[in-house]
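For reference, the structure discussed in these notes is given below.
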Amino acid sequence: MLLGPSLGLSAVLFSLGVAGVLFRRNAIVIFICIELMLNAVNLSFIAFAQQLGRSGQVIVFFVMAVAAAEAAVGLAIMIAIYRHKDTIDVREINLLRG
Amino acid sequence: MNYEAWVLEALLAFPLVTAIAVLLRPVREAKWIALFATLIEFLISVPLWWEFDPTVALMQFQVARPWIAGWGVWFRLGLDGISLFMVLLTTFTMPLAVLSSFNYIREKERAYYALLLVLTTGMLGVFLALDLFVFYMFWELMLIPMYFLIGVWGGPRRLYAAIKFFLFTFVGSLLMLVAILTIYYYVGRATGTYSFDYYHLLSNIQVTDRWAFWLFGAFFLAFAIKVPLFPFHTWLPDAHVEAPTAGSVILAGILLKMGCYGFLRFALPFYPNVVLDPMVATVVVVLAVIGIIYGGLVAMVQPDFKKLVAYSSVAHLGFVMLGIWAATVQSLEGAIIIMISHGISTGALFFLAGMLYERRHTREIAAFGGLAKVVPLLAAVLTIVVLSSVGLPGTNGFIGEFLVLIGSFGIYPWAVVVAATGVVVAAMYMLRALQRIIYNKLDNPENEGMLDLSRRELAVLLPLIALIFWIGVYPAPFLRRIEASTSMLVEQVRGAQAPAPFETGGRR
Amino acid sequence: MPATVGWVWLVLLFPLAGFLANGAISVLRLDAKRAVTTIGVGALVLSFLVAVAVMAGLAGAPADAPYVLSLWQWMPAGRLEIELALQVDQLSAMMLLVVTGVSMVIHVFSVGYMGEDPGYARYFSYLNLFVFFMLVLVLGANFPVMFVGWEGVGLCSYLLIGFWFENEAFANAGKKAFIMNRIGDVGFLLAMFMIFQAVGTLSFIEVFEYAPRAFAIGGTAITLITLALFVGAIGKSAQIPLYTWLPDAMAGPTPVSALIHAATMVTAGVYMVARANVLFAMAPISSFTVAAVGAITALFAATVALKQWDIKKVLAYSTVSQLGYMFMGVGVGAYAAGIFHLTTHAFFKALLFLGAGSVIHALHHAYHHTHSSEEAQDMRNMGGLRKWMPLTATFMWIATLAIVGVPGFSGFFSKDEILAATFARGHEAAAFYVLWAVGVVTALLTAFYMTRLMIYTFHGPNRSGEKEQQHLHESPWVMTGPLLVLAVLAIVGGLINLPAVLPGSGWLHHWLEPVTELSAAYLPEVHLSHSTEWVLLGFATLVAALGIIGAWRLLKPAALKPAREAPEETGIQKVLLNKWYVDEIYDTLIVRPIMWVSENVLWKVIDKGIIDGFGANGSANLARAMGWLGSRLQTGYLGTYVFLFVLGALILLRVVTGWEL
């Protein structure tokens, strides 16, 4: 596998994810975008692992595990918010405004 | 094992252990456990009176155990003539504070008594620590229980008072921490031994002389706020008024003395040249004298009895500061005697304010009047305590003020002239309050059925009254124990600048 | 030390024990009136007996140096060494006898006077405590111990003036006395500091021994020290400008006025000056100040006494005036004469007060019976009382003749000695002649106002009221007995120090010599020829006669109206009646401004406004404002947070990697 294209794809995916988080309103979509960023990072880990040894792949498993946990907690939060506010539009959720 | 080997550590550990016991046992036992714990603590400390060797100026009963050895933090404890009576005052006050809370504290009793016990450890630690890290730790440790005592069991404005108390003290102590670390670092770099040991730092303190003024300033701020020196005093009236009785007593009796103690233990010996610098000395002495007069005058117009006593503390502590800065044997011994007797007299005044409050649920002086008729015993006790606070000869108040003034006269004659008028102001505010509480006509029908002192209340007050007269009539045993350490301190501070020995006459 | 002199601590012990016992009875509200009487009076009797023994012991074994009985170390601190020590010498022994003797008599009188008061036990406990402190004052062997007594008597004075504390004016009077005393005490304190600074010790023997070496005669140090001491004396002995508490002090029970505010405590200042005679003799300026203040006070107080209606107020101003005489005496260096007048004054003024007490007691009872609220102390409500109270009237006449200075009575000799001593120093400076003249005028006024008091109280028609007259009667023996004792003393008291022109003269003078000889070296030799002395004696007699006769001729008791019908006074009479408005002036110029500034400037502006509002709460508000600014960033929108986060990450990346954008 070529390192350059892999990293390029990873960078594109990551940027897409960032853009999604920045501009989308639906919390689920934002959530998916975060997963996208995580997976972009995973991809670069795997690409580097090809050259630098297998420990990068181990990290990927950690990331996936964390992502799974995050998905569980995040979705639970979203359900809670939906029950509370009847929406998951992040513009409506501004309890932290100072 | 012999007494001197274990006593100091036992004094620190015992209250902590009993605090846990208070938390674990049922609520109804809490106050009794606390009472017995503080009584035993007092009994542990009593033999210090005899075991203490009055001829030795240096630390006695020393203990040193490695704690965070990598940083040079050792658990170093010791006791000398300056701290001896602070320790005894603390252990003496605590049982009375617990006993006085029996009726006053009705909720969250376990937490209350546990905090009192933790506070005991914190206060004793401050007086005993010979390692600056340990000192700072205890300095902060006692802050927390006091914060909760005011904030949870206090009066209506307790949150404001508690936060004000905490922030005032904390600002000063953070700067002190910076100073401690700076000294630690530079002394360590110069000597190759990084240690918080008091004597190690003291003997090498000259390497920080370039920053002496600022380092001293940091200590000064921390201690001056605690004393409190005018104009850092405004936390005191609020804290006193809102705190529960025992809190006020401990605050006035012991916490304020930590500032004075800090000056005596750290600021003076570390940076004598800054202390004696004419500019610094003038500023501090002027502030002390302002405190004496100002505190008295403001006390005079207070409608609230506790606030009056709080402002009177500002005045009394002004005498202490004057005595410390004059740095003669008489003035320093006088300052320490005032520290003790202020703890006793003002403590007693706060106890009495609490007892009046429990009877009438008000602290307004105007709500009373004519009490001497219904509660003669309470009136008699209040009179005695007020007179001791006023500094009547024969009571403890006189001894300290007299020694401070006579000792300071040779150094700051004009300050003494002004400060001496403070005794008139003291008479003005105290007698005014006394008259409006126990004399005049009994015009408020609510006061008619007032009960006189109960046995429990007498048990709280009688020890204090005994001490008032003991120190007033026969203070020599106290002075003898203080003398060696203060003489050494005077030498440390004045060094070569000691005034020429007396020549015109006299016995020596 | 003779054995009996060693007993001197017992003199202190009995009154102290009496105080504790009676105090306990009072506080515990026990009903034990008989025990109170026994303890209270008994303590004084024992004390007096010991005092006599001490005096006898001292007289039997006269020594040059005073006997010092050291009880224990009091305040040892560095080179300051203060012992609780008692000093017995000719001066303190003399005072011991006067204090315990007069106190004992007044204690007995009090049994009758205070018999029906609910605070009987409290009264006797305070009275015993007073005697204790007065004896400490007299016996102290160094300045601090004297100061214990000095402030202690002030405390008892406070407690006893405000004895009937339910009356706010009475309680105020007590407080005023204490505070004005304390103003003087500051002077005493400063004097002690200066003495310690200069001499290095505070014990009397050492200070007086070293003083000639430590101080230059008339130097600044000694002048300041003695002036400061005199400030203390001014406060305690009610001299100008700190005298206003003494007339107010009449709020206390009358025996208290007799004991504390006439015979003993107020003379403490005179005693102190006599005690420190070396120091004062070395400071001529201070000594003259003492004499001048004394003379001015004597005259001033006598003018006020002319116009008072309250019988006790007349006596109070009379006391202030007589104290002025004593200061004049010790100020001109006639220390023995000052103490002599102190002693005779103790006798006749105590007698006058107790006599007044007897009158008030009778009138009070009469008004009590008829449920009238008339003022029992107002002379306008008296008149013609000798008909009902012949004994009291006789005794009070004796005292009056003594204070006025009628030849043969004690006051004649003592007053004359002071005036003669002042006159004798006139050849040094004419100012002493002025002082002497002031003293003579005062003597004239004294004769006038005392006669006025007697006329209005005991002569002329009775103005008490028809119904009341039936209830007027002489006081019981427990009150007239003490009057008799004092009357005898008021007559014969002069014998202890007859003037030099008479045979057997000057016993007191010689007796006090060991104490006063220290200062003799610094005082000019004064000598009056016998002829001058005879002239002065004759002149004094003439003045006294003039005052008495003037009062008899000028005053018309028959025209006087009872207090409630009395017309408003006008002009100078009103000014005198209102005591030259000094109280009002002090109140307006000193008391009110201090209170106002304390409340409105110090507390409300500086404390609450500047330090708290600006400093403490100000910084809290500043922190809150910064927090508010920061909180503007917290929009609550996820987008903003993420945007800032990404921005931050990019900046960090730029900084860490040096990556060029």
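Here the structure is a predicted model, which is why all the values come from computation and not from measurement.
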Problem set entry | Polar contact flag, side-chain donor to acceptor under 3.5 angstrom, B/Tyr160-B/Lys164 |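 There is such a pair (donor and acceptor under 3.5 Å, judged by atom type) between the side chains of B/Tyr160 and B/Lys164.
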
Exercise. Going by atom types only, do C/Asn172 and B/Gln435 share a side-chain donor-acceptor pair under 3.5 Å?
Worked result: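 Result is yes, a qualifying pair exists.
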
For this session: Check whether NZ of the Lys or CZ of the Arg C/Arg592 lies under 6.0 Å from the centre of the six-membered ring of C/Tyr586 and within 45 degrees of that ring's axis.
Result: no

Distance-minimising heavy-atom pair for [X] and [Y]:
{"X": "B/Ala326", "Y": "B/Ile411", "value": "O-CG1, 3.8 Å"}
{"X": "C/Leu279", "Y": "C/Ala211", "value": "CD2-CB, 3.8 Å"}
{"X": "C/Pro212", "Y": "C/Met282", "value": "CA-CE, 4.0 Å"}
{"X": "C/Ala268", "Y": "C/Trp150", "value": "O-CZ3, 3.7 Å"}

Between [X] and chain B, with a heavy-atom cut-off of 4.5 Å, which part of the residue counts as in contact: side chain, backbone, both or neither?
{"X": "C/Ile195", "answer": "neither"}
{"X": "C/Phe178", "answer": "side chain"}
{"X": "C/Phe170", "answer": "neither"}
{"X": "C/Trp72", "answer": "side chain"}
{"X": "C/Pro118", "answer": "neither"}
{"X": "C/Leu84", "answer": "side chain"}
{"X": "C/Ile606", "answer": "both"}

Exercise. Rounded to the nearest 0.5 Å, what separation is found between the CZ atom of C/Phe132 and the CG atom of C/Leu137?
Worked result: 11.5 Å

Portion of [X] that has a non-hydrogen atom of chain C nearer than 4.5 angstrom:
{"X": "B/Ala380", "answer": "side chain"}
{"X": "B/Val390", "answer": "both"}
{"X": "B/Val473", "answer": "both"}
{"X": "B/Val329", "answer": "side chain"}
{"X": "B/Arg436", "answer": "neither"}
{"X": "B/Asp443", "answer": "neither"}
{"X": "B/Phe402", "answer": "both"}
{"X": "B/Leu392", "answer": "both"}
{"X": "B/Ile438", "answer": "backbone"}
{"X": "B/Leu167", "answer": "neither"}

Exercise. With a 4.0 Å cut-off, would you call B/Lys441 and C/Glu168 a salt bridge?
Worked result: no

Counting heavy-atom pairs under 4.5 Å with chain C, which one of [options] comes out on top?
{"options": "B/His233, B/Gln330, B/Arg480, B/Met300", "value": "B/Gln330"}
{"options": "B/Leu377, B/Val423, B/Ile482", "value": "B/Val423"}
{"options": "B/Asp238, B/Ile399, B/Leu332, B/Thr486", "value": "B/Ile399"}
{"options": "B/Leu387, B/Ile406, B/Val424", "value": "B/Ile406"}
{"options": "B/Ile337, B/Ile163, B/Val417", "value": "B/Val417"}

Exercise. Do B/Phe398 and C/Phe147 have ring centroids that are under 6.0 Å from one another?
Worked result: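 When the ring centroids of C/Phe147 and B/Phe398 are compared, they turn out to be within the sub-6.0 Å range.
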
Exercise. Are the aromatic ring centres of C/Phe130 and C/Tyr126 under 6.0 angstrom apart?
Worked result: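 Not close enough - the centres of the two rings lie 6.0 Å or further apart.
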
Exercise. Side chain of B/Glu483, backbone of C/Gly78: donor and acceptor closer than 3.5 Å?
Worked result: yes

Exercise. Got a donor-acceptor contact below 3.5 angstrom from the B/Ser408 side chain to the B/Val416 backbone?
Worked result: no

Options [options], ranked by heavy-atom pairs under 4.5 Å with chain B, top entry:
{"options": "C/Val148, C/Ile179, C/Asp607", "value": "C/Asp607"}
{"options": "C/Leu189, C/Leu155, C/Asn167, C/Asn181", "value": "C/Leu155"}
{"options": "C/Met180, C/Arg122, C/Met194, C/Met192", "value": "C/Met194"}
{"options": "C/Ala169, C/Ser598, C/Ser26, C/Ala620", "value": "C/Ser598"}

Exercise. Are there more than 12 heavy atoms of other residues, nucleotides or ligands under 6.0 Å from atom CZ of B/Arg455?
Worked result: no

For this session: Could you point out which residue of B/Phe230, B/Tyr429, B/Tyr311 forms a ring pair (Phe, Tyr, Trp, His ring centres under 6.0 Å) with B/Tyr294?
Result: B/Phe230

